[in-house]
Amino acid sequence: MTSAAPVPTLAHHTLLVLLLQLSLLLLLALTLGRLAARFRMPAIVGELLAGVLVGPSVLGHLLPGLAGRLLPQQPEQMHLLDAVGQLGVLLLVGVTGMELKFDLVKRRGTTAVRVSLAGLLLPLGLGIGAGYLLPASLLPGDTDPTLFALFLGVALCVSAIPVIAKTLMDMNLLHREIGQLTLAAGVIDDVIGWFLLSVVSAMATAGLTAGRLTASLLYPVGVVAFALLVGRPAVRLALRAAGRSPEPGPTVAVAALTVLLGSAGTHALGLEAVFGAFVCGALISTSGELDPERLAPLRTTVLAFLAPVYFATAGLRMDLTALARPEVLAAACAVLAVAVLGKFAGAYTGAKLSRLNNWEALALGAGMNSRGVIEVIVAMTGLRLGILGPETYTVVVLVAIVTSLMAPPILRTAMARVEERAQTELALADDDPHDLSPRRATKV
């Protein structure tokens, strides 16, 4: 019996093209990301722009021959680049889960829940309605309109913690009451958003029958239950063993392995791999055995290399020339308006129900309005599953970019007014000798 022939190695030219692609995208992503940061914009804007410049929007439109050499359309070649991007996004989502502060939710309690749910349910409902109203010509040929509407609702209801956390840190307001409340509401949004994405993705894979819909709802619940009952003790033991090493390497390896195994598990169940990555990141965060400093090498590798490459590949899929078509441009404006109105109105309503003042409510609305990293991941998921076509993908990513650009300046303005009001109240309390409020007591 003869043994099977060995699998051929990667062809010389294929490897060369991959290395050139990674080098070019990383160089552009880092350069434009730094440039965006200098103008006080989120780095993701520059990283997405790197892909837009190399993709069909610019280079493919102006110099199609050169674009064809750099980004040949053979599936085998592009799949290698996609594999690197997928590794990046899974580890990015895992790191995001590791850095979520679930104790914030406990401390902020009812107020955070009100703000989060109002800021999530209203844009979810408006997004579903908008999905039904968009022209059928913008949907991929075999996409179910109900599935598309549900997916658009999920895409418009998510928030992006990293953009808001960075803005609050820059303003030295991360540990103030309103900053903590914004982050706590964002944590709840993240958890529910990943759950909804997993459910809709499972529906896209399995279909929309009643039995499959029930399975799509129960599978994520089962995954979370298994993670809490079995996964958390296992992760705690693994991190404890890794922590005995004086070097951070074992801890990084355990964290990365946990995220990748969780991703593989949920993907095998027909759920999204990013859902498993997020759940495992949250397990690591809540294990009680994590030293954040030991994860610094993993965080640096992901944020400085893998994530920029992933967002650049996301930009490659955008075709801004499609906006020249009136129906695509109108759809983009309508979806953007629904996204902004829904998030602001929802978060504002939740804040007012919690008796916050107008500027605090506006700050929360601005914070929750930023979609950033999360919506780009959602959009890429929709494109990969065939729920979104090139035009609708471009529209959703545009919403992510515009809302991420809007959030910091509005948040800075609102938080400055919150600070002014707090200082005024403190001054008035100092001038009133009969004032016995907690604020005056703290001041004294």
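This structure is a prediction, so every number in the text was calculated from the model and none was measured. Basis for what follows: all heavy atoms, side chains included, without hydrogens, waters or symmetry-related copies.
Leu71 CG to Leu59 CG: the interatomic distance, rounded to the nearest 0.5 Å, is 7.5 Å. One distance of note links OH of Tyr310 with CG of Leu48; it measures 9.5 Å at 0.5 Å rounding.
For the salt bridge (charged side-chain N to carboxylate O under 4.0 Å, His left out) test, no residue two or more places apart in sequence or in another chain qualifies with Arg232.
Of the charged side-chain nitrogens involved, at least one lies within less than 4.0 Å of a carboxylate oxygen, so that Glu272 and Arg384 count as a salt-bridged pair.
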Q: Decide yes or no on side-chain hydrogen bond (donor to acceptor under 3.5 Å, both in side chains) for Ser116 and Asp189, but give the supporting numbers first.
A: CA-CA 6 Å; Ser116 177; Asp189 254 22; 2.8 Å; yes
(Q) Test side-chain contact (heavy atoms from CB on, under 4.5 Å) on Trp194 and Val279; report intermediate values, then the result. (A) CA-CA 9 Å; Trp194 290 121; Val279 170; over 6 Å; no
Q | Derivation of the salt bridge (charged side-chain N to carboxylate O under 4.0 Å, His left out) call for Arg294 and Glu247 | A | CA-CA 8 Å; Arg294 284 177 167 262; Glu247 301 295 328; over 6 Å; no
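A 4.5 Å side-chain heavy-atom check between Met98 and Leu298 finds at least one atom pair inside the cut-off. The side-chain heavy atoms of Phe195 and Val221, taken from C-beta on, include a pair separated by under 4.5 Å. Within the 4.5 Å cutoff, side-chain heavy atoms of Val376 are placed close to those of Ile44.
Under 3.5 Å, the side chains of Thr394 and Asp319 contain no donor-acceptor pair of N or O atoms. For Thr146 and Tyr132, the side-chain atoms include at least one donor-acceptor pair closer than 3.5 Å.
The number of heavy atoms from other shown groups lying within 6.0 Å of CZ (Phe344) is above 12.
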